[in-house]
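All ligand and atom numbering here is 1-based and tracks the order in the structure.
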Amino acid sequence: MKRRWALAATVVLILTSGSPAIAAAPITTAIYTADPSALVVGDTLYLYTGHDEAPAGGGNFVMRDWHVFSSTDATTFTDQGARLSLANFPWAGLDAWAGEVERGANGRYYWYVPVNGNGAGWMDIGVAVGDSPTGPFTDARGGPLISDSTPNSSPLNIDPTVFSDDDGQVYMYWGSYYGLRAVRLNANMTQTVGSVVTPTGVSNFWEAPWMFKRNGTYYLAYAANDSACSAPGYACIRYATAGNPLGPWTHRGVVLDQVSSTTNHPAIIEFKGQWYMVYHNAAAPGGGNFRRSVTIDKLFWNADGTMQKVVQTTGGGTGGSNLALSATASTSYVSPWETLGAINDGFTPTSSADHSHGAYGNWNHQGTEWIEYRWPTAQSVRRVTTYWFDDNQGIDLPASCQVQYWNGTAYVNVPGQSACGVAANTANSTTFTPVSTTRLRLNITSRTGFSTGVLEWTAHS
Ligand code: FUB
């Protein structure tokens with residue numbers, strides 16, 4: 001039973017507020033975290049995360065345990081440690097992937113996790129139980145709850161989301177490889193009831209379902225990877241709604257654009273009257289597709305019960321306000337009909353083709369051009385985001401980019417720069433070792449035969 005703060009007064013606040021989120025992002029840089037689920041108990045928000053341990057440059061998931069984080073303000077999170085690991089499941093050996101904790105009617109806490117069960121096939125879903133949100137947790141079954149031998153199981157049995165309805169009925173959704181599945185669980189939370197069903201209406205489902213209820217409507221958010229919302233190999237978060245917990249579902253749109261990691265995984269929850277989207281990206285220093293970081297942003301509702309697309313921020317918890325807003329922009333070249341001022345007007349584009357608030361473009365120059373910010377006094381900067389402009393004509397996504405800063409004598413590359421992302425339809429995040437400077441520059445190198453453009457370039461301390 002989660003998400004219980006739907007007071008009338010807070011609903012009014014949610015419907016009328018539209019300001020960008022300021023929250024902690026990422027929740028920690030001490031370790032890499034992924035695949036969040038969220039649970040509110042009393043005045044505390046708990047996040048249950050996976051733990052990425054792949055080496056720098058690694059090309060596979062290395063995940064052995066799960067962590068619990070707690071917060072009373074959704075900004076500062078305390079790592080309560082690895083509260084569950086593969087060692088808790090003697091029948092499993094690898095792949096501590098995306099889990100979720102749900103409170104049972106008996107007051108106990110059930111942690112559902114996908115693991116490589118060492119049996120037939122690949123991934124199974126197990127469940128551990130504990131008497132507090134932080135455990136200790138122990139294997140509740142001594143074997144899988146769902147496996148490849150479960151009739152009508154998913155092509156990949158991962159990513160369970162468990163939902164306890166107001167009437168005491170419990171439902172579990174899970175799956176990947178486009179194979180969403182659902183089943184009822186009994187009141188003890190550790191056995192399935194009836195047949196596994198294949199829900200309908202969940203358009204472009206790929207993996208990572210998250211189920212919740214608001215004002216009598218059931219919501220299912222999930223990772224999709226169709227070309228309408230993300231670049232090849234990346235995911236966006238879509239969602240569907242239903243009047244019944246097992247559907248049929250109606251697709252409602254995209255609630256979170258593509259992020260800097262290929263995978264994404266949502267948890268949506270209300271805490272102290274504010275709704276949040278918890279997800280992961282590759283934005284932490286040294287991050288990547290297998291070294292992800294859980295982050296959190298505010299989520300706002302429309303009056304008709306649809307969700308506004310989440311604005312991805314760097315968060316106030318890590319000092320993330322947009323320094324570009326107070327900078328003077330300049331460039332090596334801007335086409336006479338384009339607008340350099342668009343790059344720091346604070347607008348969040350809806351796609352790389354969205355030049356409704358103007359765009360910087362350098363057609364018909366090719367090769368390397370730059371844009372630059374100057375401040376009257378030195379700023380500490382550790383991260384930028386770049387939303388590329390692509391007009392599907394002469395301006396295309398760049399081949400590469402490089403952030404530089406003025407060291408008092410010359411422009412030099414920022415130290416420890418993470419990948420300078422060139423993905424479409426997203427704010428590509430680039431982190432580096434903090435620099436103190438009055439000037440920051442983005443060198444942009446075009447693809448052969450094209451010019452380049454930028455819709456928004458933010459800078460953060
Ligand atoms: O972390 C491993 C897998 O990547 C998760 O199970 C998926 O949701 C994706 O995030």
Side-chain angles (χ1 to χ4, degrees), residues 26-27 31-38 47-55 58-67 69 82 84-86 89 92-101 111-117 121-127 144-148 153-162 172-181 202 204-211 220-225 229-230 233-239 255-268 277-284 287-296:
I27 60 168
I31 60 171
Y32 294 106
T33 56
D35 302 329
S37 76
L47 300 185
Y48 299 85
T49 78
H51 179 194
D52 275 343
E53 296 188 88
N60 289 300
F61 293 121
V62 179
M63 304 180 79
R64 306 180 181 97
D65 56 33
W66 298 266
H67 279 236
F69 291 82
L84 189 66
S85 81
L86 292 172
F89 301 98
L94 286 169
D95 300 331
W97 286 11
E100 178 174 326
V101 173
W111 200 336
Y112 301 84
V113 288
V115 289
N116 184 335
W122 182 9
M123 297 297 283
D124 301 328
I125 294 174
V127 54
L145 173 64
I146 298 289
S147 73
D148 284 324
S153 71
S154 171
L156 186 61
N157 292 301
I158 64 171
D159 296 1
T161 179
V162 176
M172 183 169 79
Y173 280 72
W174 78 97
S176 182
Y177 292 176
Y178 307 111
L180 178 64
R181 297 292 186 268
V202 187
N204 300 114
F205 173 85
W206 167 244
E207 62 183 10
W210 170 262
M211 186 178 179
L220 195 72
Y222 55 94
N225 62 4
C229 78
S230 57
Y234 284 78
C236 74
I237 303 300
R238 295 184 176 277
Y239 74 105
V255 63
L256 183 70
D257 282 329
Q258 173 185 322
V259 297
S260 49
S261 57
T262 48
T263 61
N264 204 345
H265 199 110
I268 296 172
M277 166 71 83
V278 195
Y279 57 104
H280 68 226
N281 58 31
N289 292 332
F290 306 102
R291 291 153 69 88
R292 300 162 292 178
S293 295
V294 168
T295 190
I296 180 168

A.B. asks: Tabulate distances under 3.5 Å between N/O atoms of ligand 1 and N/O atoms of the protein, writing both atom names on each line.
C.D. replies:
residue, atom, partner, partner atom, Å
ligand 1, 1 (O), Asp35, OD2, 2.4
ligand 1, 1 (O), Arg292, NH1, 3.3
ligand 1, 1 (O), Arg292, NH2, 2.8
ligand 1, 4 (O), Arg292, NH1, 3.4
ligand 1, 6 (O), Asp159, OD1, 2.6
ligand 1, 8 (O), Asp159, OD1, 3.4
ligand 1, 8 (O), Asp159, OD2, 2.6
ligand 1, 8 (O), His265, ND1, 2.8
ligand 1, 10 (O), Asp35, OD1, 2.6
ligand 1, 10 (O), Arg292, NH1, 3.2

A.B. asks: Check whether Asp52 reaches the backbone of Ser293 with its side chain - one donor and one acceptor, N or O, closer than 3.5 Å.
C.D. replies: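 Flag not set: sc Asp52 to bb Ser293 has no pair under 3.5 Å.
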A.B. asks: In terms of the angle between their ring planes, are His280 and His265 parallel, tilted or perpendicular, with boundaries placed at 30° and 60°?
C.D. replies: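 Geometry flag for His265 against His280: tilted rings.
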A.B. asks: For Trp206 and Tyr177, take the angle between the two ring planes, folded into 0 to 90°, and tell me which bin it lands in: parallel under 30, tilted 30 to 60, perpendicular over 60.
C.D. replies: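 Judged by the thresholds at 30° and 60°, the geometry between Trp206 and Tyr177 is tilted.
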A.B. asks: I need the single residue from Thr33, Asn264, Thr262, Thr263 that forms a side chain to side chain donor-acceptor pair (under 3.5 Å) with Arg292. Which is it?
C.D. replies: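 Between Arg292 and the candidates, side chain to side chain donor-acceptor pair (under 3.5 Å) is satisfied uniquely by Thr263.
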A.B. asks: Where does the angle between the aromatic ring planes of Tyr222 and Phe205 fall among parallel (under 30°), tilted (30 to 60°) and perpendicular (over 60°)?
C.D. replies: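 Rings of Tyr222 and Phe205: tilted, 30 to 60°.
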A.B. asks: Give the minimum heavy-atom separation between Asp95 and Met123, together with the two atoms involved.
C.D. replies: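 So the minimum-distance heavy-atom pair works out to O-CE, 3.5 Å.
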